[in-house]
Chemist: 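Right, I'll just put the structure down here and ask away after.
What you see is a predicted model, and the numbers here were worked out from it, not measured in a lab. Just so we're on the same page: letters track the sequence lines, and every chain starts at 1.
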Amino acid sequence: MFGLVDCNNFYVSCERVFQPRLEGRPVVILSNNDGCIISRSAEAKALGLKMGDPYFQVKEQLRRDSVQVFSSNYTLYGDMSRRVMHYLGATVPAVEIYSIDEAFLDLGGLEQHLTPYLGNLTDLAQRLRVGVKARTGIPVCVGVAPTKTLAKLANRLAKKDAGLGGVLYLDSGERRAWALGQVPVGDVWGVGRQYAQKLTAAGIDSAADLARVSESWARKFLGGVVGARLVRELQGYPCAGLAPSEDGTLRRQSISCSRTFGRPLRERASVLGALSAFVARAAEKLRRQGDLAHVLTVFISKSRYGPDAGGHSRSAVLTLPVPTSDTRELTARAAQLLGRIWEPGAVYVKAGVVMAGLEAPGGQQLGLFGEAAPLAAGLYPVGAAVEGRSAQMMAALDGLNARFGRGTVQLAAALGPKGGGPVPWKGQAAWRTPAYTTRLEDLMTVN
DNA sequence: TCTGGGGTCCTAGGACCC
DNA sequence: TCTGGGGTCCTAGGACCC
């Protein structure tokens with residue numbers, strides 16, 4: 001049995017924890033660069049504001065309706081997320097952190113222990129909900145069902161129907177059938193815009209309809225094995241298990257960093273400066289996860305809008321001879337890759353780096369004859385010695401940046417233009433709230 | 001030289017998610 | 001002027017190898 005805990009309007013809820021005056025008022029959070037809406041309070045949704053609405057298009061409405069607008073504050077959201085996940089991890093046997101604001105729970109086998117002394121799974125879910133709210137201030141809803149897809153569906157209904165008290169347990173075939181009938185097919189987990197269109201054109205309108213299609217039909221029209229699994233999960237047969245997080249953090253298979261620039265850039269040095277900063281950030285994440293990257297990708301994009309839309313992005317990939325997490329090595333490689341795709345005269349609006357082929361250190365460190373055991377003292381392979389020095393250097397870098405703030409120590413390549421001035425690629429964040437929980441200077445003062 | 005099957009690796013693209 | 005960022009998984013095709 002799976003549980004799904006999903007924070008309600010997570011980013012808005014985080015801001016409300018520190019600004020109670022925002023309760024009951026329409027609030028939206030903007031994406032990086034204050035580009036578009038990525039989180040809305042219930043009141044903002046009621047005003048017709050949509051996920052992904054570009055800010056410049058809804059600016060007037062936001063003003064007219066007195067909507068409270070904030071730039072995103074990922075430092076704060078990340079820290080609040082850790083608190084929620086930590087509580088869940090301490091309360092149930094296994095948790096899979098699915099995203100910053102969602103976690104799957106393993107509730108298998110729990111039911112018999114609960115009855116009658118502790119109540120049923122619905123009661124447990126209720127206690128979780130109350131517990132998260134009490135400890136973090138974040139409201140959540142919980143869905144419980146035999147498959148992940150059904151747990152998502154239950155969660156969605158728990159959110160929509162206030163009468164359910166924030167919790168829905170699909171504990172019988174009848175209740176599952178009822179739930180499937182309530183949900184439009186486009187709201188099923190795994191059905192996006194393209195598939196929704198295809199499905200409704202074929203007369204499949206609800207999750208219940210989708211649960212009735214044949215496996216071959218699902219394979220043919222919904223992306224092969226993915227579609228087949230989706231339908232099975234709706235029918236109540238689990239096709240995916242829980243991937244528990246051992247240390248309460250999310251382990252990634254690739255790590256990236258990309259940004260839309262504050263203004264379009266045409267000078268290669270400026271784009272390289274941005275890329276260097278992105279490499280530094282991504283490598284930091286990589287080291288925090290304790291991994292080395294074997295594959296590095298760099299991409300640069302021209303505008304998606306306006307007359308020359310289409311064919312707007314180019315990328316270059318490199319398999320590194322030796323996996324690394326060293327910012328200096330990765331920065332040098334990224335510069336090489338940029339050289340392969342750079343078009344003089346073009347104007348770029350965005351760039352990014354992706355690190356993939358992640359592996360733990362040591363995995364590739366076999367000796368000349370493939371031996372895994374350590375050699376005699378003083379005879380470690382050269383690669384390991386280099387890696388040791390690099391690791392020390394990077395640990396020192398991370399330590400300084402952790403203590404004195406991100407970007408305290410960085411490569412010269414990642415700095416802005418000589419002589420100071422604004423960093424050319426930095427974007428807008430006009431309404432960012434303080435990092436209340438992670439920066440001493442930003443602690444709230446109570447008078 | 002041609003033929004065939006099977007495996008791996010890489011790339012590009014497409015769909016989806018939060 | 002102004003349209004996010006960071007992920008996942010799967011498929012198909014080509015190169016190359018045995």
Chemist: Provide the start and end nucleotides, 5' to 3', of the part of DNA chain C that has atoms under 4.0 Å from heavy atoms of chain A.
Modeler: C/dC2 to C/dT11

Chemist: Side chain to side chain donor-acceptor pair (under 3.5 Å): which pairs involve residues 46-63 of chain A, sequence neighbours left out?
Modeler: A/E60-A/R63, A/Q61-A/D65

Chemist: Using a 3.5 Å limit on both pairing distances, list the dot-bracket string of DNA chain C from the 5' end; Watson-Crick and G-U wobble pairs count, crossing pairs take [ ], interstrand pairs take |.
Modeler: ....||||||||||||||

Chemist: Check every strand shown and say whether A/S72 touches a base, only sugar-phosphate, or nothing at a heavy-atom separation below 4.0 Å.
Modeler: nothing

Chemist: Counting any heavy atom closer than 4.0 Å, what does A/V353 reach on the DNA or RNA strands: base, sugar-phosphate only, or nothing?
Modeler: nothing

Chemist: My understanding is that only one of A/R281, A/E284, A/R287 makes a side-chain hydrogen bond (donor to acceptor under 3.5 Å, both in side chains) with A/T327; could you say which?
Modeler: A/R287

Chemist: Using a heavy-atom cut-off of 4.0 Å across all strands, would you classify A/K350 as base, sugar-phosphate, or nothing?
Modeler: sugar-phosphate

Chemist: Could you give all pairs that pass the ring-ring contact (aromatic ring centres under 6.0 Å, His included) test and reach residues 204-232 of chain A, with sequence neighbours left out?
Modeler: A/W217-A/F221

Chemist: Between residues 190-221 of chain A and DNA chain B, which residues have a heavy-atom gap below 4.0 Å?
Modeler: A/G190, A/V191, A/G192, A/R193, A/Q194, A/Y195

Chemist: What pairs of residues pass the ring-ring contact (aromatic ring centres under 6.0 Å, His included) test when at least one of them lies in residues 233-267 of chain A, not counting sequence neighbours?
Modeler: none

Chemist: Hey, does A/L222 reach any base, or is it just sugar-phosphate, or nothing, if we go heavy atoms under 4.0 Å?
Modeler: nothing

Chemist: Using a heavy-atom cut-off of under 4.0 Å over every strand shown, decide if A/D101 touches base, sugar-phosphate, or nothing.
Modeler: sugar-phosphate

Chemist: Sort out for me which residue in A/L49, A/I29, A/V12 forms a side-chain contact (heavy atoms from CB on, under 4.5 Å) with A/S41.
Modeler: A/V12

Chemist: Nearest-nucleotide wise, let me know which of A/Q253 and A/G262 is further upstream toward the 5' end of DNA chain C.
Modeler: A/G262

Chemist: Check every strand shown and say whether A/V354 touches a base, only sugar-phosphate, or nothing at a heavy-atom separation below 4.0 Å.
Modeler: nothing

Chemist: Identify, between A/Y74 and A/G223, the residue whose nearest nucleotide on DNA chain C lies closer to the 5' end.
Modeler: A/Y74

Chemist: Rounded to the nearest 0.5 Å, what separates atom CG in A/L168 from atom CG in A/D161?
Modeler: 8.5 Å

Chemist: Do the two ring centres, one from A/W189 and one from A/F2, sit under 6.0 Å apart?
Modeler: no

Chemist: Which part of the nucleic acid does A/R252 contact within heavy-atom distance under 4.0 Å: base, sugar-phosphate only, or nothing?
Modeler: sugar-phosphate

Chemist: Salt-bridged, A/E96 to A/R251, with N to O below 4.0 Å?
Modeler: no

Chemist: Looking at every strand, decide which applies to A/N32 at a 4.0 Å heavy-atom threshold: base, sugar-phosphate, or nothing.
Modeler: sugar-phosphate

Chemist: Side chains of A/T438 and A/L76: does their closest heavy-atom pair fall under 4.5 Å?
Modeler: no

Chemist: Using modelled atom types and a 3.5 Å cut-off, is there a donor and acceptor pairing between side-chain atoms of A/D442 and backbone atoms of A/Y436?
Modeler: no

Chemist: Are the charged groups of A/R156 and A/D6 less than 4.0 angstrom apart, N to O?
Modeler: no

